Amino acid sequence: MTMSAGWYLRRLSRMGPQEVAGRVGDVVRRRRWRSAPPACPSVTGARFTAVLPAGTIAAVPPDAAKRLIAEADRLMYGHAEFFGVVRDDLTDPDWWCDPKTGRRAPWGYAFDVPYRNEDAVGDIKQIWELSRHQYLTVLAAAYAITGDERYAERVAEHLRSWWAANPPLRGVHWISGIELGIRLLSWVWIRRLLDGWPGATELFEGNPVALNQIWHHQRWLAAFPSRGSSANNHVIAETAGQFAAACAFDWFTSSARWRADALRSLERHLRGNTFLSGLNRELASEYHGLVLELGLAAVAEADAAGVPVPATVRLVLLRMTDALAAVVDNRLRPPRQGDADDGHGLVVDGAGTDRWGSLLSTGEAVFGRLAWWPSVTGTDVRTPLLAALIKPYSNNGTAPAVARPASRPGHFADAGMTILRGPGEIWCRCDGGPHGFLSIAAHAHADALSVEVRHDGVDVLADPGTYCYHGQPEWRQYFRSTLGHNTLQLDGGDQSVSGGPFLWTRHARSRVLVADTSGASDGGTARWSAEHDGYQGSVHRRRVELTAVSRELRVVDEVRGPGGAVRLVFHLGPAITADLVENRAELTWTRDGEDCSAVLDLPGQLSWRAHRGETDPPLGWYSAGFGRKEPATTLVGTGFTDGTEGFTTVLRFRG
């Protein structure tokens, strides 16, 4: 995908004067660096002191260690999977090759590489992901647990290979700050986990090539921060990686300045990227997890190095953790809202480790759990490692007194998210929040007033997910469209107007009218109502009621204004089988060997049809993770409204 002149004009229109000036400065600096790249100063006497406290590795639960070692062994044999693409070449990887398309990114000055053009580069996410070096943190953790030097030697071999193939400012891996930031964080943890290995010093602080790479990564991040309308999760990754490296690799004359600048930026952007309720302002659940992971990793480095951290940093992370505990379902799955690209801040666990349970376990160790938090039964490697470095919140000497929720919140007014809970582990998310974050709302979907319904963790009315970012514009458009969500479409258009794959030029404005979340859990009825103005001249209003006794979810849609052609859409999860007869769908699925069922009564004024796995145009798909999609049933009702009557949908769970 290449960007047209029109896209550049639309993108420019979403920037303020300060951002424009900053980007002009970036252009000038890139040109100067092309002809006279900065040089790394000489370093003498470097020592690595940010080691794990004694006894940390012994605290790793045996089953978590077993999963980790199994994953490390797969990697040692060269096997891995990234975004649905299986790779068997990791014994000696080609750092520039996209295994999905077989294309290799072109060589040259980094800022000349057309990374958005899949025909020239391949799938950039596939190329970048391996070079985050998070698979190397897994191998390094396996060495720390087992003492088997094969893991350490493979890590050293791959780092030396990468450093040789990717000199500073050359090629595709020097384009994006989020990649440099996460890579630095990986290197910090690789050095820490390899500390007992005799070759660790020679690989890092005793290696001029490594010193040059670490210095140039930090110099790059200091020079080209994400700015203005782009200062979303990317800037958190950049500052967290910069700060971690400046703490753990405190070997350069600029280290103190980089550390101070990164900490100021991290504190400012953590606050700016997070609602007071604790939810991430991008309203994309996976980025909530990424930012929380990055923030915790940064605090771990600060505490390991004895660097004071503003109290607001820990307070934001505390609120984010409480918010996560509040919104997950009974299987610890968060909402599937907005974009998701499977991004992680720090990976030291094997397959089968629950990401969200791991975050809640770390939150319990650092902040202390509240009585209403869901129980976490799984184990992980990361929690004991982070907990060994991070000072407990109540004992760090700077923690402000804060009133944490006395009971589980169900409504987050600033984020416009409402969670209705009912008997039989019924979970329903209602979306009445802002359309994304900042002027471009990069990771938002056109999903105003959508609902997401689960039964015991199974997607019944599902958010279909994301699937892709670059290279497949028709699929990118579908998964972020209004048609791609459980809401109402008017006159064939989206509620918000897209100007590009990460750009929205007009944002629907939503407001919540009613949010009573207590009823269903008390045996009564929980209620939610909201409206949005995304359809020019008409307002879509939706009311949702969850009644405990009847185990019934009622959704009433109204269009106030001129009206027009309507499509009402309900996406079923991939585990759901639907038998649609006229306007009634019998839903069946299996959970843990037990048969489950529900009936979905759809508005009779509309003509209903089931769609599954269609490609021209796309309709009837579910993406469980980035780069993966599978057919799933989508029910679409078509008709007209003149604004005088509503459409009522009733979902009844049986048994």
Side-chain angles (χ1 to χ4, degrees), residues 52 56-58 60-100 102 125-166 173 179 182-204 207 209-210 213 342-355 358 379-382 384-385 625 627:
L52 289 169
T56 298
I57 297 300
V60 173
D63 56 334
K66 183 178 180 180
R67 291 194 302 272
L68 166 67
I69 294 166
E71 182 72 15
D73 287 342
R74 281 192 290 272
L75 293 169
M76 289 293 289
Y77 283 109
H79 305 310
E81 180 179 330
F82 299 110
F83 309 137
V85 176
V86 175
R87 299 188 64 158
D88 297 311
D89 63 339
L90 259 64
T91 54
D92 183 20
D94 182 339
W95 303 109
W96 292 36
C97 181
D98 164 28
K100 189 174 77 173
K125 288 281 290 179
Q126 287 286 346
I127 297 174
W128 277 344
E129 187 68 16
L130 188 65
S131 289
R132 289 186 172 189
H133 289 169
Q134 292 176 326
Y135 78 100
L136 295 181
T137 56
V138 170
L139 291 175
Y143 165 76
I145 288 173
T146 66
D148 188 336
E149 294 192 359
R150 294 182 307 116
Y151 300 121
E153 290 164 356
R154 177 63 58 82
V155 171
E157 177 187 337
H158 280 207
L159 283 179
R160 290 192 174 104
S161 168
W162 194 93
W163 290 332
N166 296 279
H173 295 303
E179 304 306 317
I182 291 177
R183 191 155 54 239
L184 274 179
L185 186 59
S186 294
W187 292 353
V188 168
W189 275 90
I190 289 168
R191 176 61 186 87
R192 174 175 289 128
L193 292 164
L194 294 185
D195 190 61
W197 181 52
T201 297
E202 182 184 355
L203 179 63
F204 278 93
N207 182 358
V209 175
Q213 286 276 350
D342 297 357
H344 292 259
L346 173 64
V347 180
V348 287
D349 275 286
T353 301
D354 182 74
R355 175 186 192 176
S358 170
T379 62
D380 68 306
V381 175
R382 188 176 61 188
L385 301 186

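None of these values were measured; they are calculated from a predicted model. Positions are given from 1, in the same order as the sequence printed here.
Heavy-atom minimum distance, Pro93 versus Leu130: CB-CD2, 3.7 Å. Across Glu71 and Gly350, no two heavy atoms sit closer than the pair CB-CA, 3.7 Å. A pairwise comparison of heavy atoms in Arg150 and Met76 identifies O-CE, 3.6 Å as the closest pair. Across Asp380 and Pro61, no two heavy atoms sit closer than the pair O-CD, 3.6 Å. In terms of heavy-atom proximity, Ala80 sits nearest to Leu90 at CB-CD2, 3.6 Å. The shortest non-hydrogen separation linking Leu185 to Gly345 is CD2-O, 3.3 Å.
Judged by the 6.0 Å distance and 45° axis criteria, Arg160 is not positioned over the aromatic ring of Trp163.
In this structure a side-chain-to-backbone donor-acceptor pair under 3.5 Å is present from Arg382 to Leu346. Looking at Thr137, its side chain never comes within 3.5 Å of a backbone N or O of Val348 through a donor-acceptor pair. No donor-acceptor distance shorter than 3.5 angstrom exists from the side chain of Ser131 to the backbone of Trp128, with no hydrogens or angles considered. Of the possible donor and acceptor atoms, none in the side chain of His79 sits under 3.5 Å from a partner among the backbone N and O of Asp89. Judged by distance alone, the side chain of Arg67 and the main-chain N or O of Thr379 form a donor-acceptor pair under 3.5 Å. In this structure a side-chain-to-backbone donor-acceptor pair under 3.5 Å is missing from Glu149 to Pro198.
Looking at Glu153 and Trp197, their side chains come closer than 4.5 Å, going by heavy atoms from C-beta outward. Here the side chains of Leu136 and Arg154 are not in contact, with every heavy-atom distance at 4.5 Å or above.
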Pair Leu385, Ile57 - check side-chain contact (heavy atoms from CB on, under 4.5 Å), show working. CA-CA 7 Å; Leu385 301 186; Ile57 297 300; 4.0 Å; yes
Quick one: do Tyr151 and Ile69 satisfy side-chain contact (heavy atoms from CB on, under 4.5 Å)? Show the steps, please. CA-CA 10 Å; Tyr151 300 121; Ile69 294 166; 3.7 Å; yes
Check step by step if side-chain contact (heavy atoms from CB on, under 4.5 Å) holds for Trp189 and Val347. CA-CA 10 Å; Trp189 275 90; Val347 180; over 6 Å; no
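Within the model, atoms CD of Gln213 and CG of Leu184 stand 9.5 Å from one another, a figure rounded to the nearest 0.5 Å. Interatomic distance, Trp187 CH2 to Arg183 CZ, rounded to the nearest 0.5 Å: 6.0 Å. The distance from atom CG of Leu139 to atom CD of Gln134, rounded to the nearest 0.5 Å, is 12.5 Å. Here Asp342 contributes atom CG and Arg355 contributes atom CZ; the two are 8.0 Å apart, rounded to the nearest 0.5 Å.
Aromatic pair Trp95/His173: centroids not less than 6.0 angstrom apart.
Counting non-hydrogen atoms of other residues, nucleotides and ligands closer than 6.0 Å to CD of Glu202 gives a total of 12 or fewer.
Under the 30°/60° scheme for interplanar angles, the aromatic rings of Tyr135 and His133 are found to stand perpendicular.
Looking only at atom types and distance, the side chain of Asp195 has no donor-acceptor partner in the side chain of Tyr143 under 3.5 Å away.
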